[in-house]
Visitor: 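Mind having a look at this structure? Questions to follow.
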Amino acid sequence: MSELPPRFNFTEVEAKWGKTWEDNQIFHATPKPGKKPYSIVIPPPNVTGILHMGHALNNTLQDIMIRYKRMNGFETCWMAGTDHAGIATQNVVEKQLAKEGKTRYDIGRDEMLKRLWSWKEQYGGTIINQLKKIGSSCDWPRTRFTMDDGYSDAVQEVFIRLYEKDLIYRGKRIINWCPRCQTALSDEEAEHKETQGNLYYIKYPFKDDLNKFITVATTRPETMLGDVAVAVNPNDERYKGTLDKKLILPILNRELRIIKDELIDPAFGTGAVKVTPAHDPNDFVMGTRHKLDFINIMNPDGTLNEEAGRFAKMDRFKARAAVIEELKNLELLEKIEPHTHAVGHCYRCNTVVEPYLSWQWFVKMKPLAEPALKAVVDGTIKFHPDRWTKVYTNWMENIQDWCISRQIWWGHRIPIWYCDCPKPIASRTAPTKCPNCGGTKFTQDEDVLDTWFSSWLWPFATFGWPKDNADLKFFYPTNSLFTASEIIFFWVSRMVMAGYEFMGEAPFKDVYIHGTVRDAKGRKMSKSLGNALDPLEIINEYGADALRFSLIMNSGQDLFISKEKFEGGRNFANKIWNASRLVLLNTKPENKNIPQPPVTNDLASQWIVSEFYLTLAKVMNAIDDYRFSEAENAIYDFFWKNYCDWYLEISKNKFSDEKIQQTACFILKESLRMMHPFMPFVTEELWQNITEGEKPLSLENWPSAKTNIKFVNPDAVKQMETLINLVSAIRNVRSQFNIKPQESIECHFSANDTQSKNLLNSNAEALQALVKIKDVQVHDSLPAMKDAVAGVVDSIKFIVPLSGLVDLAKEKEKMRQEITLAEKSIAGISQRLSNEAFTSKAPAEIIEKEQATLTQRQQRIKELEEVLENLN
RNA sequence: GGACCCGUAGCUCAGUUGGUUAGAGCGCUUCCUUGACAUGGAAGAGGUCACAAGUUCAAGUCUUGUCGGGUCCACCA
């Protein structure tokens, strides 16, 4: 019946199945009593996101797992959704506004929010649609957004609960400030990058003697305008006796104290440090400790304010140059040294962040971290690969309070209300009357919450928490989390904390951390570098199955990807397609859907069935252990090498045998099941062609390794191996002597044992077909020949007469070389076996193995020598 | 300054608890368009497992050090 074209038309097939699966909602999961749940939450991509290779890899991995579990009978829920990405989204819409020459302040908060929502409605589905293209079998009807009504309730609830537990507080502290986004950032959101800067040495004159100085070193000279002191280490001899003196701050001529503080490292710079309590975290600590003034010299946009005197309104970097210029004029700049140091950059816009003193909201993390740390230490939650455990625990052990307030508008507004009294009110709705002062006029806090303050609730808020409901009960906790190492701190660790705090248990059991996708040169793929491969382009050119397959095939630690790598996946998909064509063309309808492998004497059939189940077991072990590329390799080898190159090659001439039809089709179908999680589209299409559409393969069962292990026939595996080696050996002869493929050759065999003889006789047809020999002549001993090449495979000898072609001496020499090699090996083994230390210490099975090898080698030499005698 | 990872064939990587003569894909060489597939088939070349020392009967695999590459964390101004 099959009219399959010779090329797998992935574009058509993917469109068809993508739509069919979705229209029928076949991946939608609901609580089902008696069924085991298996759930995964997607790392919600930014709503502003465009699919990149990292997403493609991340989603492929999750999809393999979820399809595998689905086929294994679990009620699988893969939660999909997007993250409102506060700063990123606001930036996008602000850019639109800028085109109209406006800022968000021009249009006001309400109007800005309207614009943000309409942007979201219009473009927010982009990434979700792209995820569908790669075949992600998410529970799409459940798709969530972190600013959905229900989800927002969860965020508010969490804030209020933590506030009431005193785990959220407001404080005036130094935080990371992005002058471009004009908001506070958490420590994690400030990316430290090695930056080439300078260390400026500035002379601060003594008040009582303006010709004497203390020299301080700084990387940010403009901050001197906010200096209130100079600090030295209490044990630093150089500055003994200066402590009761005063210094004069150059330019502004402010009087400065000299303080001593343990924080100062005498070995760095000059050992004297300018103290700017409002613009440096260390200085802030000292400022508090020594009761210094906190002089803020900067506006939120990074320009200097009136505290900076005549530098006011100047951008911070221009001010830096101007201050240096001025100091030069005053002859107070001692020197400038090049200095590399780590400078914080905004993770959204890459602007250099400023340590900035301001009122912000913080979460006390230590109490939350405790159970989250314990869970990983005691193995309740496992990282794969294991080495990430340490990264996680190290962060947890040194956890700092989390700055959660953002001075932007897109996000969950902080549910805090202020009246006239000092204690604000945390409330789910606008309060009407203050319980303390009786006030009735309230204003809500202007800030919104960090986006991660909503993402950390993802594993349970998506299922409807805080409402108690059946979905949550059934699907929480989820099973595994698949993500990149970059967001271990942002997301993974915080989800664990939230899980314990609000659900009382871990949100997942396994955390699989996959590699970073890099280009062929090892650079991270990024838009700005221009080295990014677009997954959608790859899908168009090679197909989604190819994209998936090649990504997994290439995933070791990090992935080094270039476009050509996807050819491998495409070729494999095409191979599956064409093997199926061959089988379908030759299989009668009644032989297509038999439930188990037929009983047959055909060696190759017994062998391929055995190999299938051995592969299946290997694949399952690998998936269960998150070793996806290993699973895929096993599949690839089995299908291409064993099934196509050997089984189908042997069987294609024997399709008149119904048992061959049945076996070939049976193994094809079982392979399609096994391959489906990896390459869902091509397998689904072929499955439908074979079964004629009873049920989508996506909902079929995965073949059972356990109940089918009985079909593995070790003897057949061994015999087939001999046959394969024999064929290869004879082909080698053909190739060496340049015998044309069309030309049949003469070949004689001999064997001492009946099993080998049987093997030859019963597979004569296969031998003839695979190596083009005239007929299979089996003798008791090999006929002696002059012009011939001979060889031994296991216990089968063969000789190919090749009149006029053979250099006998050379042939003999080759065989002697092999004998020498075997002799060397024997010598090594004998030495080991006669070594008392070895025989007494090595385990019995190793000794047995060595002995077996020894006998095998001896046998081989004997046989090679025998064959050598035939060549004369 | 701390922590982690990597160094195996020309390239990208496997190599599970130490155990024969170390594997795959791509690339390369030679041959082959016989109706599943040239996005294919067959045969082949190519590695003193970065280096050094140590542990062991036995090291690509374990330990230490050196060199080279990468990543993360950290308030040295």
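All values below were derived from every heavy atom in this structure, side-chain atoms included, with hydrogens, water molecules and symmetry-related copies excluded. Each chain gets a letter, A, B and so on, in the order the sequences are listed, and its residues count up from 1.
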Visitor: Who is the Watson-Crick or G-U wobble partner of G40(B), with both distances under 3.5 Å?
Guide: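 The answer is C32(B), by the H-bond criterion.
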Visitor: In whole angstrom, give the distance that lies between atom CG of N578(A) and atom P of A36(B).
Guide: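 Interatomic distance, CG of N578(A) to P of A36(B): 10 Å.
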Visitor: Can you see whether Y347(A) engages E191(A) through a side-chain donor-acceptor pair at a distance of less than 3.5 angstrom?
Guide: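 Side-chain D/A pair, Y347(A) to E191(A): absent.
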Visitor: I739(A) CD1 to U34(B) P: how many Å, rounded?
Guide: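 Whole-Å distance recorded here is 21 Å.
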Visitor: Check every atom of C72(B), U16(B), A36(B) against the side chain of E649(A) and return the nucleotide holding the closest atom.
Guide: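 So the nucleotide nearest the side chain must be A36(B).
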Visitor: Can you find an N or O donor on one side and an acceptor on the other, under 3.5 Å apart, linking the side chain of Q400(A) with the base of A74(B)?
Guide: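 No such pair is found, so the answer is no.
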Visitor: Counting side-chain heavy atoms from C-beta on, which of U39(B), A36(B), A74(B) comes nearest to E194(A)?
Guide: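 Shortest atom-to-atom distance from the side chain points to A74(B).
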Visitor: Does G1(B) have a Watson-Crick or wobble mate here (both distances under 3.5 Å), and if so which one?
Guide: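 Paired with C73(B).
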Visitor: Report yes or no: is there a donor-acceptor pair, N or O only, under 3.5 Å between the side chain of R857(A) and the base of U21(B)?
Guide: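 Flag set: donor-acceptor pair detected.
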Visitor: Is any side-chain N or O of K641(A) closer than 4.0 Å to OP1 or OP2 of G25(B)?
Guide: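 Yes, K641(A) has a side-chain N/O under 4.0 Å of OP1/OP2 on G25(B).
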Visitor: On the nucleotide A3(B), are OP1 or OP2 found under 4.0 Å from the side-chain N or O atoms that K390(A) carries?
Guide: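 Checking A3(B) against K390(A), no side-chain N or O comes under 4.0 Å of OP1 or OP2.
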Visitor: For E743(A), I'd like to know if atom CD has over 12 heavy atoms of other residues, nucleotides or ligands within 6.0 Å.
Guide: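 For E743(A), atom CD is crowded (more than 12 foreign heavy atoms under 6.0 Å).
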Visitor: For a quick check of understanding: with a heavy-atom distance under 4.0 Å over all strands, which category does V273(A) fall into, base, sugar-phosphate or nothing?
Guide: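 The residue V273(A) makes base contact.
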Visitor: Please state how far atom NZ in K565(A) lies from atom C1' in C11(B), giving the value in whole angstrom units.
Guide: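 The answer, rounded to whole Å, is 8 Å.
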Visitor: Taking atom C1' in both A14(B) and G60(B), compute the distance separating them and give it to the nearest angstrom.
Guide: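 Result for the C1' pair: 12 Å, nearest Å.
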Visitor: Is K824(A) touching bases, backbone alone, or none of the nucleic acid, heavy atoms closer than 4.0 Å?
Guide: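 If one applies the 4.0 Å heavy-atom cut-off, K824(A) turns out to touch nothing in the nucleic acid.
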Visitor: Has Q859(A) got more than 12 heavy atoms of other residues, nucleotides or ligands less than 6.0 Å from its CD?
Guide: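 Yes, the 6.0 Å shell around CD holds more than 12 heavy atoms from other groups.
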Visitor: Counting only side-chain heavy atoms from C-beta out, which of G25(B), U12(B), C76(B) sits nearest to F560(A)?
Guide: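 Between G25(B), U12(B), C76(B), the one nearest the side chain of F560(A) would be U12(B).
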Visitor: Does C49(B) have a Watson-Crick or wobble partner in any strand here, with both distances under 3.5 angstrom, and which is it?
Guide: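 Pairing partner: none.
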Visitor: Does a side-chain N or O of N732(A) approach OP1 or OP2 of G44(B) to a distance below 4.0 Å, or not?
Guide: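 Checking G44(B) against N732(A), a side-chain N or O does come within under 4.0 Å of OP1 or OP2.
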Visitor: Counting only side-chain N and O atoms of H339(A), is one of them less than 4.0 Å from OP1 or OP2 of A77(B)?
Guide: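 Yes, within the criterion.
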Visitor: Applying a 4.0 Å non-hydrogen cut-off, can you work out what W640(A) is touching in the nucleic acid: base, sugar-phosphate, or nothing?
Guide: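 It contacts sugar-phosphate atoms only.
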Visitor: Could you label the plane-to-plane angle of the F566(A) and Y542(A) rings as parallel, tilted or perpendicular, counting under 30° as parallel and over 60° as perpendicular?
Guide: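 The arrangement is tilted - the two ring planes meet at 30° to 60°.
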Visitor: Can you check the distance between A22(B) and U61(B), where both ends of the measurement are the P atom (answer in whole Å)?
Guide: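 Those two atoms are separated by 15 Å.
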Visitor: Using a heavy-atom cut-off of under 4.0 Å over every strand shown, decide if F489(A) touches base, sugar-phosphate, or nothing.
Guide: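 F489(A): backbone/sugar contact only, no base atoms under 4.0 Å.
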Visitor: At 4.0 Å (heavy atoms only), tell me whether T516(A) reaches a base, stays on the sugar-phosphate, or touches nothing.
Guide: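 Answer is nothing: T516(A) stays at 4.0 Å or more from every strand.
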Visitor: Is it the case that over 12 heavy atoms from other parts of the model lie below 6.0 angstrom from the NZ atom of K618(A)?
Guide: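 Counting neighbours around NZ of K618(A), 12 or fewer heavy atoms of other residues, nucleotides or ligands fall under 6.0 Å, so no.
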Visitor: Tell me yes or no: between the side chains of N621(A) and D625(A), is some donor less than 3.5 Å from an acceptor?
Guide: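 No.
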Visitor: Nearest whole Å is fine: how far is C72(B) C1' from E188(A) CD?
Guide: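 It works out to 13 Å between those atoms.
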Visitor: With C1' as the reference atom in both, quote the distance from U55(B) to G18(B) in angstrom, rounded to an integer.
Guide: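 These two C1' atoms come out 12 Å apart once rounded.
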Visitor: Base, sugar-phosphate, or nothing for R387(A), non-hydrogen atoms under 4.0 angstrom?
Guide: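 The residue R387(A) makes sugar-phosphate contact but no base contact.
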Visitor: Identify whether any heavy atom of N586(A) sits under 4.0 Å from a base atom; if not, whether one sits that close to sugar-phosphate; answer base, sugar-phosphate or nothing.
Guide: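 No contact.
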Visitor: Taking the P atom in each of G44(B) and A24(B), what is the distance between them to the nearest angstrom?
Guide: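 The answer is 12 Å between these two P atoms.
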Visitor: Could you pick out which residue, N554(A) or P843(A), lies toward the 5' side of RNA chain B when each is mapped onto its nearest nucleotide?
Guide: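 The residue closer to the strand's 5' end, by nearest nucleotide, is N554(A).
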Visitor: At under 4.0 Å between heavy atoms, what does R7(A) touch on the DNA or RNA strands: base, sugar-phosphate, or nothing?
Guide: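 If one applies the 4.0 Å heavy-atom cut-off, R7(A) turns out to touch a base.
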Visitor: Using the P atom on both, measure U64(B) against C28(B) and round to a whole Å.
Guide: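 Their P atoms lie roughly 43 Å apart.
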Visitor: How are the rings of Y643(A) and F638(A) set to each other: parallel, tilted or perpendicular (split at 30° and 60°)?
Guide: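 It falls in the parallel class, under 30°.
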Visitor: Given that both distances must come in under 3.5 Å, which nucleotide forms a Watson-Crick or G-U wobble pair with C13(B)?
Guide: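 Its partner is G23(B).
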Visitor: What is the base-pairing partner of C67(B), counting Watson-Crick and G-U wobble geometry with both distances under 3.5 Å?
Guide: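 Paired with G7(B).
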Visitor: Would you indicate, yes or no, if A14(B) has its OP1 or OP2 atom less than 4.0 angstrom from a side-chain nitrogen or oxygen of S629(A)?
Guide: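 S629(A) to A14(B) OP1/OP2: no side-chain N or O under 4.0 Å.
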Visitor: Roughly how far apart, to the nearest Å, are C6(B) and G15(B) at atom C1'?
Guide: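 Rounded to whole Å, the distance is 15 Å.
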Visitor: In Watson-Crick or G-U wobble terms, both distances under 3.5 Å, what is the partner of G54(B)?
Guide: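 With both distances under 3.5 Å, G54(B) matches C62(B).
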Visitor: If I pick the C1' atom on C67(B) and the same atom on C51(B), what distance separates them, to the nearest angstrom?
Guide: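 To the nearest whole Å, 7 Å.
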Visitor: How many angstroms lie between CZ in R238(A) and CG in N233(A), if you round to the nearest 0.5 Å?
Guide: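 Those atoms lie 9.5 Å apart.
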Visitor: Roughly how many Å is it from CD1 in I488(A) to P in A3(B), rounded to a whole number?
Guide: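 Between P of A3(B) and CD1 of I488(A): 18 Å.
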Visitor: According to the interplanar angle, ranging from 0 to 90°, do the rings of W640(A) and F572(A) count as parallel (below 30°), tilted (30 to 60°) or perpendicular (above 60°)?
Guide: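 Taking F572(A) first and then W640(A), their aromatic rings lie parallel (interplane angle under 30°).
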Visitor: Grab the CG-P distance between N835(A) and U56(B) for me, whole Å please.
Guide: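 So the CG-P distance, N835(A) to U56(B), works out to 14 Å.
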Visitor: Could you check how far CD1 of I561(A) sits from C1' of C26(B), rounded to whole Å?
Guide: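 The answer, rounded to whole Å, is 12 Å.
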Visitor: Is there a donor N/O on one and an acceptor N/O on the other, under 3.5 Å, for the side chain of K575(A) and the base of C37(B)?
Guide: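 Such a pair exists between side chain and base.
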Visitor: Between A36(B), A43(B), A77(B), which one does the side chain of S728(A) approach most closely?
Guide: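 For the S728(A) side chain, the nearest candidate turns out to be A43(B).
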Visitor: Rounded to whole angstroms, how far apart are CG on L770(A) and P on G41(B)?
Guide: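 L770(A) atom CG is separated from G41(B) atom P by 14 Å.
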Visitor: Could you give the distance separating U48(B) and C5(B) at their P atoms, to the nearest angstrom?
Guide: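 Pairwise P distance, C5(B) against U48(B), rounds to 27 Å.
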Visitor: Name the residue closer to the 5' end of RNA chain B, choosing between D280(A) and A822(A) according to the nucleotide with the nearest heavy atom.
Guide: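 Result of the comparison: A822(A).
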